[in-house]
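Read through the structure below, which is laid out as structure tokens, and then see the notes.
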Amino acid sequence: MVETISADEFRDRIDERRRGERSFVVVDTRPEESFAGWRVADAVHYFYKPFHEFDVDDFERETGLSPDDTVITLCAKGKASDDFAAELDAAGYDDVTVVADGMRGWSAVYDRTPVPLPDGSSPTDVAPPLDVVQVQRRAKGCLGYLVVGGREPGDADHVPTDADDGSDRVAVADSDGSDRVAVAIDVSRHGEEWVEAAAEYDASIAAVLDTHVHADHLSGGRSLADDLGVPYYLPAAAAARDVAYSFEPIGRNETLDVGGIDLKTLATPGHTDDGASYLVGDAAVLTGDTLFTDSVGRTELQFSAGADGEDGEEAGDASGEGAAGAARRLYDSLHGTLLAQPDDVVVCPGHFAVANDGTTGDVEPGEPVFTTVGGARREIEILDLDADDFVDRITRTLPEKPPNYESVIAANRGVESPPDETAAIELELGPNRCAAEPDAGSAADD
């Protein structure tokens, strides 16, 4: 009897296997090229095409499996693997499971986990409580956030007021009757994950923000904001990228009041010209694709998403300096802005690395992915370089580009749109590839 499970149930079984509570082998039936480009960690490949003759002896020679093994079958959409599971069942395999929707389903699997914050960052008897929830898109390594403040803001609603530090302070909308107020940052296409996270904290989402125009996944920020009837913010510099839809520009040093917690915009161009990071109180900084836990952002994606100019420089860079100019801006953003924060500020990146073989290095999906400013300074080797060597390293060896990145950028700018859900799924399949090479001699960090 063949069992069918959801992609979320598949995730849970993978976690149980990692803890030694379950044993099984994943057999991926997609074509070799698809399997090589992106797969679940530790999967075994065996190409199967429905309605073609199945040779169980060939299968067992190629995979080393036998009817005593527990098998989970996986394909692109769940159809071929369902037929394949039936073939195994008929051949005497009595413990076979199919993952519904295949890798499409796997691409939409999420984990939610709180980010540990420094002690004393939220003394509830003195200041409003603060929670930062990390929303992980497991198969792609995309990380989004929900920042939850403790009380409703004042009467102001998107009205700048003078602050002692010279910044503009903007109160987000009222909490809609919930006990707490939240903002959602770097929302992927499945915005319900952020809504469910907010419900777990009895909070309502009062605004949605992106750190930049993304190249590796379709942003769900604008759609979620529209669904909730709340403002959608992009860094003000995104206007220069000809974004075709309306958004609330949030400028350098502008601060949102999130239930009594300040969320301050730090301009951090480099990965893209519109890149921003968001400083949450004095506890955490959401760095988007500027700074990761083990590397920094690559700098050429925005500028390769258009025709080359006559001088050979890539289009899209106002300075005309392409990836090298962006790398210098990234160096300044890192050293002049992010690494200037106190050492104990928690760094919350926009991605973790997922390799083509599905492995995630030192990251354990479902556990929070973070470092601190001090930890990044000590542990990320590229941050020790001077400006010239940094630019040379960033631009010398470029990782493989994200799949369909030009179309993804165009969709996130609002100048193109996938015609339907199937096209949207296909457009962003595969891992993120937004980090620069951690080491110039290494394989692509994708």
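- With respect to D274 and R241, a salt bridge is recorded, a charged nitrogen being found less than 4.0 Å from a carboxylate O.
- By the 6.0 Å and 45° rule, R13 does not stack over the aromatic ring of F10.
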Q: In sequence, state the C-alpha distance, the side-chain angles, and the governing distance for T255 and N253, and then conclude on side-chain contact (heavy atoms from CB on, under 4.5 Å).
A: CA-CA 6 Å; T255 301; N253 293 332; 5.9 Å; no
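- Across all their heavy atoms, E254 and I250 have their closest contact at OE1-CA, 3.5 Å.
- Annotation: cation-pi pair R138/Y110 absent, no NZ/CZ under 6.0 Å from the ring centroid and within 45° of its normal.
- Below 30°, between 30° and 60°, or above 60°: for H45 and F35 the angle between ring planes is between 30° and 60°, a tilted geometry.
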Q: Tell me, with the steps shown, if R328 and D388 meet salt bridge (charged side-chain N to carboxylate O under 4.0 Å, His left out).
A: CA-CA 8 Å; R328 291 192 178 275; D388 288 342; 2.8 Å; yes
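- Counting only heavy atoms from C-beta outward, the side chains of Y233 and L256 approach each other to under 4.5 Å.
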**Q.** L130 and V147: CA distance, side-chain angles, deciding distance, side-chain contact (heavy atoms from CB on, under 4.5 Å) verdict
**A.** CA-CA 7 Å; L130 166 65; V147 174; 4.0 Å; yes
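- Considering all non-hydrogen atoms of both residues, V148 and R180 come closest at O-NH2, 3.3 Å.
- Classification of D262 and K264 as a salt-bridged pair fails, no side-chain N sitting under 4.0 Å from a carboxylate O.
- With salt bridges taken as basic N to acidic carboxylate O contacts below 4.0 Å, one links E196 and R112.
- With 3.5 Å as the limit, one finds a donor-acceptor pair spanning the side chains of S107 and R137.
- What you find for A326 and T299 is that their closest heavy atoms are CB-O, 3.5 Å.
- For the pair L301 and T272, the minimum side-chain heavy-atom distance is 4.5 Å or more.
- For the pair K140 (side chain) and E428 (backbone), a donor-acceptor distance under 3.5 Å is present.
- Using modelled atom types, one finds no donor on one side chain facing an acceptor on the other under 3.5 Å when comparing N412 with S219.
- Looking only at atom types and distance, the side chain of T268 has a donor-acceptor partner in the side chain of S277 under 3.5 Å away.
- Here R18 pairs with E364 in a salt bridge; the nearest charged N to carboxylate O distance falls below 4.0 Å.
- Across all non-hydrogen atoms, the minimal contact from P118 to V346 is CD-CG2, 3.8 Å.
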Q: Check the pair V296, I382 against side-chain contact (heavy atoms from CB on, under 4.5 Å), reporting the backbone distance first and the verdict last.
A: CA-CA 8 Å; V296 300; I382 197 171; 4.0 Å; yes
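- Surrounding CD of E33 are at most 12 heavy atoms belonging to other residues, nucleotides or ligands under 6.0 Å away.
- The aromatic rings of F247 and Y245 stand perpendicular to each other, their planes meeting at an angle above 60°, with 30° marking the opposite boundary.
- At least one donor-acceptor pair closer than 3.5 Å links the side chain of Q136 to the backbone N or O of G366.
- Remark: the N432 side chain and the H217 side chain contain no N/O donor-acceptor pair separated by less than 3.5 Å.
- Classification of E421 and R189 as a salt-bridged pair holds, one side-chain N sitting under 4.0 Å from a carboxylate O.
- The neighbour count for D362 CG, taken as heavy atoms of other residues, nucleotides or ligands under 6.0 Å away, does not exceed 12.
- The side-chain heavy atoms of F390 and L330, taken from C-beta on, include a pair separated by under 4.5 Å.
- Only one option out of D344, D343, D384 pairs with R377 in a salt bridge (charged side-chain N to carboxylate O under 4.0 Å, His left out); it is D343.
- Residue pairs meeting the ring pair (Phe, Tyr, Trp, His ring centres under 6.0 Å) criterion with at least one member in residues 346-386: none, sequence neighbours excluded.
- Between V40 and M103 there is a side-chain heavy-atom pair separated by less than 4.5 Å.
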Q.
Let's go through D210 and I185 carefully: what are the C-alpha distance in whole Å and the side-chain angles of both, what is the deciding distance for side-chain contact (heavy atoms from CB on, under 4.5 Å) to 0.1 Å, and is it a yes or a no?
A. CA-CA 6 Å; D210 269 313; I185 297 99; over 6 Å; no
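- Side-chain contact check for I14 versus R11: every heavy-atom pair is 4.5 Å or farther apart.
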